[in-house]
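Right, one structure below, let's go through it.
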Amino acid sequence: MTTSLPMLHDRVLTWFAAHRRDLPWRGRDGERPDPWAVMVSEFMLQQTPVSRVLPVFETWMERWPTPADLAAASSGDAIRAWGRLGYPRRAQRLHAAAGAIASEHGGQVPDDYATLRELPGVGDYTAAAIASFAYGRHHVVLDTNVRRVFTRVIAGEQYPAKAVTAAERTLAADLLPDDDADLWAAATMELGALVCTARAPHCEACPVTDLCAWRAAGYPEGEQRPTGQAWAGTDRQVRGRLMAVLRDAPGPVHKTTLDLVWDEAGQRDRCLASLLDDGLAVLVEDDLFALPGH
DNA sequence: AACACGTGGTA
DNA sequence: TTACCAAGTGT
């Protein structure tokens, strides 16, 4: 390796000390944050920008300050409070995870990766993030920001592979410092989020430009990513519209109201059926639908 | 391993 | 305006 690891670490950590955002789920002045706050934020931040999470997080934590508080509510209340963050199944899974924490873990967010990983909605990233940020555990935390930073600085490429590779994981483990791994995780994520961004990176503000392999190679452009599925007309769009109606209604909604969100009956009915199947909506009585009451 | 899963901001 | 992108997970 040509890059000096201590130098890379020092640069990133020094930069983080100066530019770290004071986000509400982060602990104040060196203290550990509330693990529940960390967990709620991690669920909300899955595929969702910080700016959109902020207001929902605040009201959520006021309403449900502990896992037991959320567990005592209905999943429908959680889905409604989730608002327009997207992927309402995350709200459903967070509610289910809170129930498991209340009933099986004494109301305390588990402090180890393996136990966290068993909770619904907690995958590799989220388990590592909660264990690291809430409890100071030593884990590789590989999110889209960290992957992009390492891919550029070390591998010299613009974008990481679509899925995490074994080589990537090995590299991240090699870079993980023995001490303060949680601080390293937060710092590399923050660098990716604020400086080494996907679209137009702020290389002039980057603490490791002189160590960056992508820069040294002249910023070669990565391969064009295959165009994803178009949005218009997808089941996701239809499901989103149906959920918006159910969320915004104070009580059960008649099917004739849901029918207004989409004119093609086949797709509309199929999507409503899938929402029932997913447990994101329930049939209250004939032709009356609502968010789940439990 | 590829695909489904919401939503809104930005270039 | 279309397309990309945002602290991923489950199947």
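Protein chains get the first letters and strands the later ones, always in sequence-line order, with residue 1 at the start of each.
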**Item:** A/Arg270 side chain near B/dA4 phosphate (N/O to OP1/OP2, under 4.0 Å)
**Value:** no
**Request:** Please work out if A/Leu23 contacts a base, only the sugar-phosphate, or nothing of the nucleic acid, heavy-atom cut-off 4.0 Å.
**Result:** base
**Request:** Please state whether the phosphate of B/dG6, meaning OP1 or OP2, lies under 4.0 angstrom from any side-chain nitrogen or oxygen of A/Arg239.
**Result:** yes
**Message:** Students often get this wrong, so: under 4.0 angstrom with heavy atoms, is A/Ala198 touching a base, only sugar-phosphate, or nothing?
**Reply:** sugar-phosphate
**Item:** Candidate list A/Leu183, A/Leu191, A/Leu194, test side-chain contact (heavy atoms from CB on, under 4.5 Å), partner A/Phe16, passing option
**Value:** A/Leu183
Mind listing the side-chain donor-acceptor pairs of residues 282-294 of chain A below 3.5 Å, one per line with the distance, residues two or more places apart or on another chain?
none

**Result of checking A/Gln46, A/Glu42, A/Arg117 against A/Thr126 for side chain to side chain donor-acceptor pair (under 3.5 Å)** = A/Gln46
**Item:** Sugar-phosphate only, base, or nothing, as touched by A/Thr126 at under 4.0 Å among non-hydrogen atoms
**Value:** sugar-phosphate
**Asked** DNA chain B: A/Pro88 or A/Ser51, which has the more 5' nearest nucleotide?
**Response** A/Pro88
**Distance test, side-chain N/O of A/Arg199 to OP1/OP2 of B/dT10, below 4.0 Å** = no
**Fill in**
Judged by nearest nucleotide, the residue sitting upstream toward the 5' end of DNA chain C, A/Thr144 or A/Val122, is A/Thr144
**Message:** Regarding A/Gly123, tell me which of base, sugar-phosphate or nothing describes its non-hydrogen contacts under 4.0 Å with the strands shown.
**Reply:** sugar-phosphate
**Asked** Does a distance-only test, which skips hydrogens and angles, find a donor-acceptor pair under 3.5 Å between the side chain of A/Thr48 and the base of B/dG8?
**Response** no
**Message:** With a cut-off of less than 4.0 Å, is there a side-chain N or O of A/Tyr87 near OP1 or OP2 of C/dG10?
**Reply:** no
**Asked** Would the A/Trp82 and A/Trp60 ring centres measure less than 6.0 Å apart?
**Response** yes
**Request:** Respond yes when some side-chain nitrogen or oxygen of A/Gln46 is under 4.0 Å from OP1 or OP2 of C/dG8, and no when none is.
**Result:** no
**C1'-based separation of B/dG6 from C/dC5 [nearest Å]** = 13 Å
**Asked** Taking for each residue the nucleotide of DNA chain C bearing the nearest heavy atom, is the 5' side occupied by A/Arg117 or by A/Arg52?
**Response** A/Arg52
**Asked** What nucleic acid atoms does A/Asp278 come within less than 4.0 Å of, heavy atoms only: base, sugar-phosphate, or nothing?
**Response** nothing
**Asked** Looking across every strand, which nucleic acid part, if any, lies under 4.0 Å from A/Arg21 by heavy atom: base, sugar-phosphate, or nothing?
**Response** base
**Request:** Would you kindly give the CD-to-P distance between A/Glu221 and C/dC4, to the nearest whole Å?
**Result:** 14 Å
**Message:** Heavy atoms only, 4.0 Å cut-off, all strands: where does A/Val141 land among base, sugar-phosphate and nothing?
**Reply:** nothing
**Request:** Would you indicate what A/Trp25 reaches in the nucleic acid, counting non-hydrogen atoms under 4.0 angstrom: base, sugar-phosphate, or nothing?
**Result:** base
**Asked** Which part of the nucleic acid does A/Arg148 contact within heavy-atom distance under 4.0 Å: base, sugar-phosphate only, or nothing?
**Response** sugar-phosphate
